[in-house]
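Just so it is clear, the values below take in all heavy atoms, side chains as well, and ignore hydrogens, waters and symmetry mates. Predicted model only: the values in this text are computed from it and were never measured.
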Amino acid sequence: MANDPASESLETATLSGVDYKTHFDPKIYLENYHKQESRFYDKMLDMLHKLVAAGEIRDGSRLLDVGSGPSIYSVISAGSRCSDIICSDYATQSLDEILKWVNSDHDAHNWQRYFEYVCKLEGKSDEWKLRQDHIRQAIKRVVPCDVHQENPLAPLVLEPFDVITSSLCLEAACCDESAYRSAVKHVTSLLKPGGKLFMAGVQGETFYYVGKKKFNTFPLSNEIIESAFAKVGLTNLQWYNETSDIKENAIEGRSNDFSGLFAVSATRISG
């Protein structure tokens with residue numbers, strides 16, 4: 001059978017943020033990045049755990065996770081004290097995967113190892129099932145999100161949140177520094193004055209693969225992030241950075257080209 005030229009073209013094209021609704025396959029993403037144990041995600045969870053532990057999140061807080069994708073790992077630490085969690089993403093097919101997990105569907109992705117890992121970090125290894133049950137019950141809604149809109153949750157209009165988490169989102173959604181600054185501004189508008197932002201991601205990355213599809217990313221640095229945060233009244237930044245051997249991150253030798261990982265927390269001081 002002859003190869004499909006359109007398919008070949010798509011596989012060699014570099015896709016961008018607007019393509020996530022039509023070309024991002026959450027099942028392949030979960031298979032590629034979350035099926036096996038990963039030092040990458042262990043380090044992400046380590047950094048988020050440390051930031052959250054120092055973040056003084058109040059019991060009963062409301063949390064928004066921006067750009068969840070098909071995953072829930074970024075709320076495991078911060079969501080422990082939250083009674084109301086909303087997960088959001090640009091691609092509705094990714095939200096469907098989160099709903100499967102919330103509803104304990106038979107084909108939902110299994111996040112047990114992540115809960116076990118975080119609870120071990122907290123010295124509560126035997127409480128991972130309780131944490132898992134809590135997060136399931138606390139996720140009240142999964143909603144569409146577009147960080148390029150002034151109100152990323154439009155048409156929903158919700159009260160500002162006590163806590164916002166976001167992992168591996170804005171660098172994938174944005175094509176340049178101007179777009180990144182705007183996205184940070186839009187996301188921050190959803191956070192209460194005095195509220196806490198916890199963000200994690202990769203730096204120096206220009207692409208990553210999901211299966212055979214190549215997605216463009218904006219190469220972040222601490223300086224770019226700090227500048228964008230300062231312009232929107234995010235202060236009291238606390239950082240964790242980790243350099244990475246790109247060769248260790250390869251899936252079929254070509255999954256991404258990031259040079260480091262980061263996690264940062266900040267407080268919104270302006271209205």
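Not a single donor-acceptor pair under 3.5 Å links the side chain of Glu127 to the backbone N or O of Cys119. Side-chain N or O atoms of Lys140 include one that pairs as donor or acceptor with a backbone N or O of Gln137 at under 3.5 Å. Side-chain atoms of Ser88 do not come within 3.5 Å of backbone N or O of Pro144 as any donor-acceptor pair.
Aromatic ring centroids of Tyr20 and Phe215 lie under 6.0 Å apart.
Screening Ile85, Val163, Asp84 against Arg62 for a side chain to side chain contact (heavy atoms under 4.5 Å, CB included) leaves a single residue, Asp84. Of the candidates Tyr33, Tyr73, Trp111, Tyr41 forms a ring-ring contact (aromatic ring centres under 6.0 Å, His included) with just one, namely Tyr73. Looking at Val264, Ile164, Leu51 one by one, the single match for side chain to side chain contact (heavy atoms under 4.5 Å, CB included) with Phe198 turns out to be Leu51.
Taking both residues in full, the closest heavy atoms of Ile135 and Val75 are given as CD1-O, 3.6 Å, listed atom of the first, atom of the second, then distance. Scanning both residues, Leu168 and Ala172, for their nearest heavy atoms gives O-CB, 4.1 Å. Arg136 approaches Ser104 most closely through the heavy-atom pair NE-OG, 3.3 Å.
With values rounded to the nearest 0.5 angstrom, His23 atom NE2 is found 6.0 Å from Lys213 atom NZ. The line from CG of Leu220 to CG of Leu170 is 8.0 Å long, rounded to the nearest 0.5 Å. Remark: Phe115 CZ to Arg131 CZ distance equals 8.0 Å, nearest 0.5 Å. Separating the CG atom in Asp257 from the OH atom in Tyr208 is a distance of 12.5 Å, to the nearest 0.5 Å.
The side-chain contact (heavy atoms from CB on, under 4.5 Å) search around Thr235 returns Ile269, not counting sequence neighbours. The ring pair (Phe, Tyr, Trp, His ring centres under 6.0 Å) search around Tyr240 returns none, not counting sequence neighbours. For Asp107, the side-chain hydrogen bond (donor to acceptor under 3.5 Å, both in side chains) criterion is met by Lys100, not counting sequence neighbours.
Salt bridge annotation for Arg113-Asp42: present, with a cationic side-chain nitrogen under 4.0 angstrom from a carboxylate oxygen.
A cation-pi contact links Lys21 to Tyr90, judged by a cut-off of 6.0 Å to the six-membered ring centre and 45° from its axis.
Looking at Val143 and Cys145, their side chains never come closer than 4.5 Å, going by heavy atoms from C-beta outward. Side-chain contact between Leu158 and Ile86: present, with at least one pair of heavy atoms (C-beta onward) separated by less than 4.5 Å. Side-chain contact between Asn151 and Leu190: present, with at least one pair of heavy atoms (C-beta onward) separated by less than 4.5 Å. In this structure, Asp46 and Glu242 have side chains that are not in contact, with every pair of non-hydrogen atoms separated by 4.5 Å or more. Between Leu191 and Leu234, some side-chain heavy-atom pair lies under the 4.5 Å cut-off.
Side-chain contact check for Arg268 and Thr188: no donor-acceptor pair (N or O, by modelled atom type) lies under 3.5 Å. Residues Thr14 and Asn216 bring no donor and acceptor atom of their side chains to less than 3.5 Å of each other.
Under the 4.5 Å side-chain heavy-atom criterion for ILVMFWY residues, a single connected hydrophobic cluster contains both Trp239 and Tyr180.
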For salt bridge (charged side-chain N to carboxylate O under 4.0 Å, His left out), just list the numbers for Arg181 and Glu177, CA-CA rounded to whole Å, side-chain angles, deciding distance to a tenth of an Å, and then say yes or no. CA-CA 6 Å; Arg181 288 176 182 270; Glu177 187 169 355; 3.1 Å; yes
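Around atom CZ of Arg81, no more than 12 heavy atoms belonging to other residues, nucleotides or ligands sit under 6.0 Å away.
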